[in-house]
Amino acid sequence: MKACYPGTFDPVTKGHLDIIERAAGLYDEVIVLIMRNPRKKCTFTEDERKALIEACLAGQPYADKVRVDIGSGLTVEYVKKIGAKTIIRGIRAVSDYEYELQQATANQILAPEIETLFMIAKPMYSFLSSSVVKEIALNGGEIAPYIPTEIIEQVKEKLSRYE
Ligand code: ADP
């Protein structure tokens, strides 16, 4: 069975990667879907975000079960197109719940055959978001605890030039 993990991943963090690994433990194939959202101002381009995720996956024992793609439009349409039945989302705190509930309910109405599966963040990552990583990097702080070693330099480099 396939599952789709959609998100912005701007950039991917250890929290996202933990969800990907756990999803790969449950499903035969996990498609990490970078959703194009014209209303969201992202730091990294879609291709850069894809390359960052792929760099983190390389060498992981579950890597052969994971594929990264870029999509636009309705997530449920993409999920149907690839023949998956599950959307994976992560929940860090109560603050995530309201938004996630709204999205999942909208998707349930659009496509009742597709389920949203929520995975609770590991406590060590429950405060971690792409925005936190960017804020720390922009202010010259250490981002090593939050993102894998493989992509630290790329993320730092991009943020040092970002205004
Ligand atoms: P979106 O803009 O779709 O929320 P994000 O890249 O911010 O995209 O997050 C994608 C998904 O991953 C969301 O379900 C979010 O709650 C979850 N997520 C983000 N950070 C973490 C984390 N540290 N631990 C677990 N889940 C997370």
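Residue numbers count from 1 along this sequence. A quick note: this is a predicted structure, and the numbers were derived from the prediction, not measured. Start at 1 and go down the list; that is how both ligands and their atoms are numbered.
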ask   = G7 heavy atoms, cut-off 4.0 Å: which ligand 1 atoms fall inside?
value = 3 (O), 8 (O), 10 (C)
ask   = For the residue pair P11 and K134, what are the closest heavy atoms and their distance?
value = CD-CG, 4.1 Å
task = Can you pull out the closest protein heavy atom to atom 16 (O) of ligand 1? Residue, atom name and distance to 0.1 Å, please.
result = G90 O, 2.5 Å
task = Flag the pair R49 / D10 as yes when at least one side-chain heavy-atom distance between them is below 4.5 Å, and no otherwise.
result = yes
key: Matching residue for N107 among V79, I87, L74 - test: side-chain contact (heavy atoms from CB on, under 4.5 Å)   = I87
note = In this structure, atom 1 (P) of ligand 1 is nearest to the protein heavy atom T8 OG1, 3.4 Å
ask   = What do you reckon, does K40 put a non-hydrogen atom under 4.0 Å from ligand 1?
value = yes
key: atom 9 (O) of ligand 1 [closest protein heavy-atom partner, distance rounded to 0.1 Å]   = H16 NE2, 3.5 Å
query = Any side-chain heavy-atom pair from V12 and K50 closer than 4.5 angstrom?
reply = no
ask   = Which is it for E100 and ligand 1 at heavy atoms under 4.0 Å: side chain, backbone, both or neither?
value = side chain
task = For M35 and ligand 1, answer yes if some heavy atom of the residue is under 4.0 Å from a ligand atom, otherwise no.
result = no
query = Can a salt bridge be assigned to the pair K85 and E113 using a cut-off of 4.0 Å between side-chain N and carboxylate O?
reply = no
request  = For L128, counting its heavy atoms only, list the atoms of ligand 1 lying under 4.0 Å from any of them.
outcome  = 20 (N), 21 (C), 22 (C), 23 (N)
query = For atom 4 (O) of ligand 1, what is the nearest protein heavy atom, given as residue, atom name and distance?
reply = R89 NH2, 3.2 Å
inquiry  = Within the 3.5 Å criterion, strictly below it, is a donor on K158 or T43 matched to an acceptor on the partner's side chain?
reply    = no
query = Only one of T149, I147, L17, I20 forms a side-chain contact (heavy atoms from CB on, under 4.5 Å) with C56, so which one is it?
reply = L17
query = What do you reckon, does Y5 put a non-hydrogen atom under 4.0 Å from ligand 1?
reply = yes
inquiry  = Is there a polar contact, in the sense of an N or O pair closer than 3.5 Å, between P6 and ligand 1?
reply    = no
message = I need the minimum non-hydrogen distance between L128 and R92, along with the two atoms involved.
response = O-NH1, 3.2 Å
note = Numbered in order shown, the ligand 1 atoms found under 4.0 Å of a heavy atom of G15 are 22 (C), 23 (N), 24 (N), 25 (C)
ask   = How far is atom 20 (N) of ligand 1 from its nearest protein heavy atom, and which residue and atom name does that atom have?
value = R92 NH1, 3.3 Å
note = For atom 25 (C) of ligand 1, the closest protein heavy atom turns out to be A121 CB, 3.5 Å
ask   = Any ion pair linking E29 and K65 (charged N to carboxylate O, less than 4.0 Å)?
value = no
Ligand 1 N/O within reach of Y125 N/O, cut-off under 3.5 Å = yes
request  = Applying salt bridge (Lys or Arg N to Asp or Glu O under 4.0 Å), run through R22 and D18 and close with a yes or a no.
outcome  = CA-CA 6 Å; R22 287 159 61 192; D18 179 57; 3.0 Å; yes
query = For ligand 1, which atoms, with element, lie under 4.0 Å from some heavy atom of F9?
reply = 6 (O)
